[in-house]
Amino acid sequence: MRINLTSVFVDDQEKALRFYTDVLGFVKKHDVPLGGEDRWLTVVSPEDPDGTELLLEPDKHPAVKPYTTALVEDGIPATAFAVDDVRAEFERLGKLGVRFTQEPTEMGPVTTAVLDDTCGNLIQIMHSA
């Protein structure tokens with residue numbers, strides 16, 4: 001058994017696609033219309049195009065807004081992404097205008113930072129020493 005797909009709820013799929021591809025550097029894997037304006041829209045790491053997909057899932061279910069709002073208000077990331085160097089990514093993304101809610105922080109063997117994905121989520125980036 002392995003993880004094939006995970007998701008983040010987003011308030012605007014097109015805006016999310018631009019952020020996750022143009023800013024974070026993922027690549028679009030699937031873009032399937034579901035009727036109306038919703039799509040089955042996934043991105044993957046360019047380093048692992050057949051790896052785990054991230055579904056940019058519409059946040060239309062009534063339970064989603066209270067859930068995601070509570071996470072953001074409490075500073076809790078919706079998910080975490082591995083990077084080679086958190087400080088380097090912090091600098092690169094900062095130059096692109098990404099807003100961070102937590103600067104790079106060492107926590108034992110792990111360094112983390114938390115960013116706002118502009119689509120309703122906080123995302124943690126991390127690397128292990």
Side-chain angles (χ1 to χ4, degrees):
M1 188 178 303
R2 66 186 193 283
I3 298 171
N4 181 57
L5 176 80
T6 190
S7 64
V8 292
F9 293 109
V10 298
D11 58 13
D12 180 319
Q13 285 186 300
E14 193 58 38
K15 178 174 72 169
L17 179 62
R18 285 191 306 272
F19 183 82
Y20 280 79
T21 57
D22 297 346
V23 178
L24 296 185
F26 291 104
V27 293
K28 182 169 57 173
K29 175 86 175 198
H30 295 288
D31 189 352
V32 179
L34 296 176
E37 58 188 53
D38 295 340
R39 300 142 60 185
W40 180 263
L41 183 59
T42 67
V43 295
V44 294
S45 168
E47 298 169 13
D48 191 10
D50 295 320
T52 304
E53 295 178 47
L54 179 66
L55 175 63
L56 304 177
E57 189 164 0
D59 68 355
K60 295 197 172 49
H61 188 281
V64 172
K65 288 283 191 190
Y67 169 73
T68 55
T69 298
L71 288 179
V72 170
E73 287 175 356
D74 289 345
I76 299 171
T79 194
F81 301 141
V83 297
D84 292 332
D85 182 332
V86 168
R87 293 183 192 289
E89 277 300 298
F90 176 81
E91 293 298 323
R92 180 184 79 81
L93 294 172
K95 289 177 184 173
L96 294 173
V98 173
R99 185 179 74 80
F100 280 82
T101 61
Q102 177 200 305
E103 294 190 7
T105 304
E106 292 181 23
M107 293 183 249
V110 177
T111 302
T112 67
V114 178
L115 61 93
D116 180 339
D117 78 350
T118 74
C119 305
N121 304 289
L122 298 178
I123 304 294
Q124 183 177 70
I125 56 174
M126 60 190 302
H127 78 258
S128 297

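The residues of the chain are indexed from 1 along the displayed sequence.
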Heavy-atom side-chain contact between [X] and [Y] under 4.5 Å:
{"X": "Leu115", "Y": "Phe90", "value": "no"}
{"X": "Val27", "Y": "Val44", "value": "yes"}
{"X": "Phe19", "Y": "Val10", "value": "no"}
{"X": "Asp85", "Y": "Thr111", "value": "no"}
{"X": "Arg87", "Y": "His127", "value": "no"}
{"X": "Thr42", "Y": "Leu54", "value": "no"}
{"X": "Arg39", "Y": "Glu14", "value": "yes"}

Please report the closest heavy-atom contact between [X] and [Y], naming both atoms and the distance.
{"X": "Pro62", "Y": "Pro66", "result": "O-CD, 3.3 Å"}
{"X": "Glu37", "Y": "Gln13", "result": "O-OE1, 3.9 Å"}
{"X": "Pro49", "Y": "Lys29", "result": "O-NZ, 2.7 Å"}
{"X": "Cys119", "Y": "Ala16", "result": "SG-CA, 3.4 Å"}
{"X": "Ile125", "Y": "Val86", "result": "O-CG2, 3.9 Å"}
{"X": "Asp11", "Y": "Gly120", "result": "OD2-N, 4.2 Å"}

Are [X] and [Y] grouped together when hydrophobic residues (ILVMFWY) are joined by side-chain heavy atoms under 4.5 angstrom apart?
{"X": "Val98", "Y": "Val72", "value": "no"}
{"X": "Val114", "Y": "Ile123", "value": "no"}
{"X": "Phe100", "Y": "Tyr20", "value": "yes"}
{"X": "Val23", "Y": "Phe26", "value": "yes"}
{"X": "Val43", "Y": "Leu93", "value": "yes"}

Keeping the roles fixed (side chain from [X], backbone from [Y]), state whether a donor-acceptor pair exists under 3.5 Å.
{"X": "Thr6", "Y": "Asn4", "result": "no"}
{"X": "Gln102", "Y": "Thr112", "result": "yes"}
{"X": "Lys28", "Y": "Leu17", "result": "no"}

Pick one: which of Asp59, Leu71, Leu55 meets side-chain contact (heavy atoms from CB on, under 4.5 Å) with Phe9?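 The option that passes is Asp59.
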
Show your reasoning for whether side chain to side chain contact (heavy atoms under 4.5 Å, CB included) applies to Asn121 and Thr68. CA-CA 7 Å; Asn121 304 289; Thr68 55; 4.2 Å; yes

For Asp22, is the CG atom crowded, meaning more than 12 foreign heavy atoms sit under 6.0 Å from it? yes

Answer yes or no: does atom CG of Leu96 have more than 12 heavy-atom neighbours from other residues, nucleotides or ligands under 6.0 Å?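 Above 12, so yes.
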
Within this structure, what is the CE-OG1 distance for the pair Met126 and Thr105, rounded to the nearest 0.5 Å?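 Result: 12.0 Å between the selected atoms.
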
Can you measure from CG (Leu24) to CZ (Arg92) and round to the nearest 0.5 angstrom? 7.0 Å

Does Val8 form a side chain to side chain contact (heavy atoms under 4.5 Å, CB included) with Leu56? I'd like the steps, not just the answer. CA-CA 6 Å; Val8 292; Leu56 304 177; 4.0 Å; yes

